Amino acid sequence: MNRLVLLTLQVLVAVALIGAWHIATTYQVLGDVKNIRFFFSTPVDVALKIWKFFVTGMIWKHLWITLEETLLAFVIGAGSGVAVGFWFARQPLVAAVFDPYVKMANALPRVVLAPIFMLWFGLGIWSKVALGVTLVFFVVFFNVYQGVKEVSPVILANARMLGMNERQLLRHVYWPSALSWMFSSLHTSVGFALVGAVVGEYLGAASGLGYVIHEAEGTFDVTGVFAGMVVLSAFVLIVDYAVTLFERRLMKWRPGPALNETPPKW
Amino acid sequence: MSNAAAQTGSPPREAIALENLSVYFGTGANAYAAVAKVNLRVASGEFVAIVGPTGCGKSTLLNAVAGLLRPAQGRALTLGRVVNGVTHEAGYLFQQDALMPWKTALANVAVALEVRGVARAEAEDRAQQWLARVGLAGFAARYPHQLSGGQKKRVALAQTLIRDPSILLMDEPFGPLDAQTRGLMGDLLLQLWQADRKAVLFVTHDLDEAIALADRVVVMSAGPAARIVSEHPIDLPRPRNVADIRLDPAFHALQRAIWNDLRTEVMKAFGEQGDGVLQAGASA
Ligand SMILES: Nc1ncnc2c1ncn2[C@@H]1O[C@H](COP(=O)(O)OP(=O)(O)OP(=O)(O)O)[C@@H](O)[C@H]1O
Ligand SMILES: [Mg+2]
């Protein structure tokens, strides 16, 4: 499949969907246009709303808050996940003792914690960060635990034969292996950090993308809701792309079709 | 016993000695005796090759010498000391890939020195020299997944030899390579070994390779409870060339004699593990 053809088809899908949306909300085909507009807005209105978000500059503040919460949730969640994952993997007794509690905590749908976190940390960014941390922590924790546990026994034996002591094994073998597992789940964990932030904002906040969407919903402003969703999706895509770039830099030792090589041409 | 003790004290020291060595896997009624009552001595500077049917316990023997496995009975000695924990005098080239995939070829070799306290810059300098010696000067920046099977083995060889171990344990190091590359690797190994004769314990399933490289070929029996069936001194002249030595008439005589022993064991191993057809073929 040619790249250009693929791109054209992808754009066609968007044009068809938006076109159908436009026709249904502008011309009398499916029923009363006014009624349909109330529930679905129109593509032009949504586009104008997004345009207004950016020209008035009101959206930047919210984007920044959401980004800040996401980054904090990721850094704290990943940091503690790495530390605890390492600790559990190297101390089987600790892992065995805490196993049921870890499973229980992870089984809990995190949304129910949101009100508690608001009570504890207030309506500012920290309650959202806390929610994101509870999501990120477990993803990273399980991956790092796995990464340390599943180091290839041959690589480990070889490292021992090279004369490495425990500390050197940690640095040259366990740590890189754990990191590689952590980075393999990077997209998931950054995504979770973002989910935590937006859900937290949605449930109670004074700023952030989740708040923007929630505000619009409160006044039955469907245009505002759709505009907020489009901005949020774009934001997620950009964050995900940034993660991909970061990953490529860090994981260049891993075999992968995207690295160093151009894809084959048909 | 007193004889052995006297020997370990006086030079020339034996590089490796296995005394009544038995290794079991598992415990109790389920225990599997991989090797039983193996006695083997490797003099310092001697190149000994072990051949035997697959699964007989060749890797197990090397692991016991390396200190990665604890024997159930008997003991292994290296340079006269009883093996207890990892043997640091030994370098070990594993059967499987053992390079750290997150390090470049250069870093993989250099780390062998760094862990002994050599400064990074000097370690990398010497690692670069070793890479050149194994013919990989231009591949220092590559990661293992960017290297071919033969190149990975050469990096592993450099990683092992840069520490200058007095004992070299090699477990089918050229196993997965094609015939030409094996020949070249064999020559490279002989050339490096000729420079400062280390004691080598070399496991292979390729009898020709064993004869071409070694001073002595040891044939192991099929498992379980594998033991050493026979030992054959290889008195072919050195320095040798792996490709040319095969044309030597003496080579063929040795090959025939050793294969005679080996074939019996290989057939037995097939009988144990294979199906009825193979068993019938073996007993015929
Ligand atoms: N960890 C283990 N637990 C149980 N059995 C084992 C274990 N490792 C090896 N064995 C058994 O011990 C025997 C000897 O294994 P070993 O790996 O030493 O064979 P080998 O001679 O090196 O074979 P190959 O030529 O195929 O590499 C085999 O029958 C194997 O199944
Ligand atoms: Mg083996």
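Just so you know, these numbers come straight off a predicted model, no measurement behind them. Just so we're on the same page: letters track the sequence lines, and every chain starts at 1.
For B:Arg163 (side chain) and A:Met161 (main-chain N/O), a donor-acceptor pair under 3.5 Å exists by modelled atom type.
Of the atoms belonging to B:Ala107, not a single heavy atom falls under 4.5 Å from chain A. Interface remark: A:Val173 contributes backbone and side-chain atoms alike to the contact with chain B (heavy atom separation under 4.5 Å). Using a 4.5 Å cut-off between heavy atoms, A:Arg171 contacts chain B through its side chain alone, with no backbone atom that close. Contact of A:Ser180 with chain B is not made at all, since no heavy-atom distance falls under 4.5 Å.
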Derivation and outcome, side chain to side chain contact (heavy atoms under 4.5 Å, CB included), residues B:Arg116 and A:Leu162 = CA-CA 9 Å; B:Arg116 312 172 121 200; A:Leu162 293 178; over 6 Å; no

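With respect to chain B, the highest number of heavy-atom pairs below 4.5 Å among A:Val154, A:Val151, A:Leu156 belongs to A:Val154.
More than 12 non-hydrogen atoms from other residues, nucleotides or ligands lie less than 6.0 angstrom from CZ of B:Phe174. By the 6.0 Å contact criterion, CG on B:Asp196 is enclosed, its count of non-hydrogen atoms from other residues, nucleotides or ligands being greater than 12.
Considering only heavy atoms from C-beta on, A:Met164 comes within 4.5 Å of B:Val111 through its side chain.
When the heavy atoms of residues 93-100 of chain B are compared with those of chain A, the residues falling under 4.5 Å are B:Phe94, B:Gln96, B:Asp97, B:Ala98, B:Leu99, B:Met100, listed by number. Listed in order of number, the residues of residues 61-70 of chain B that approach chain A to under 4.5 Å between heavy atoms are B:Ala66, B:Leu68.
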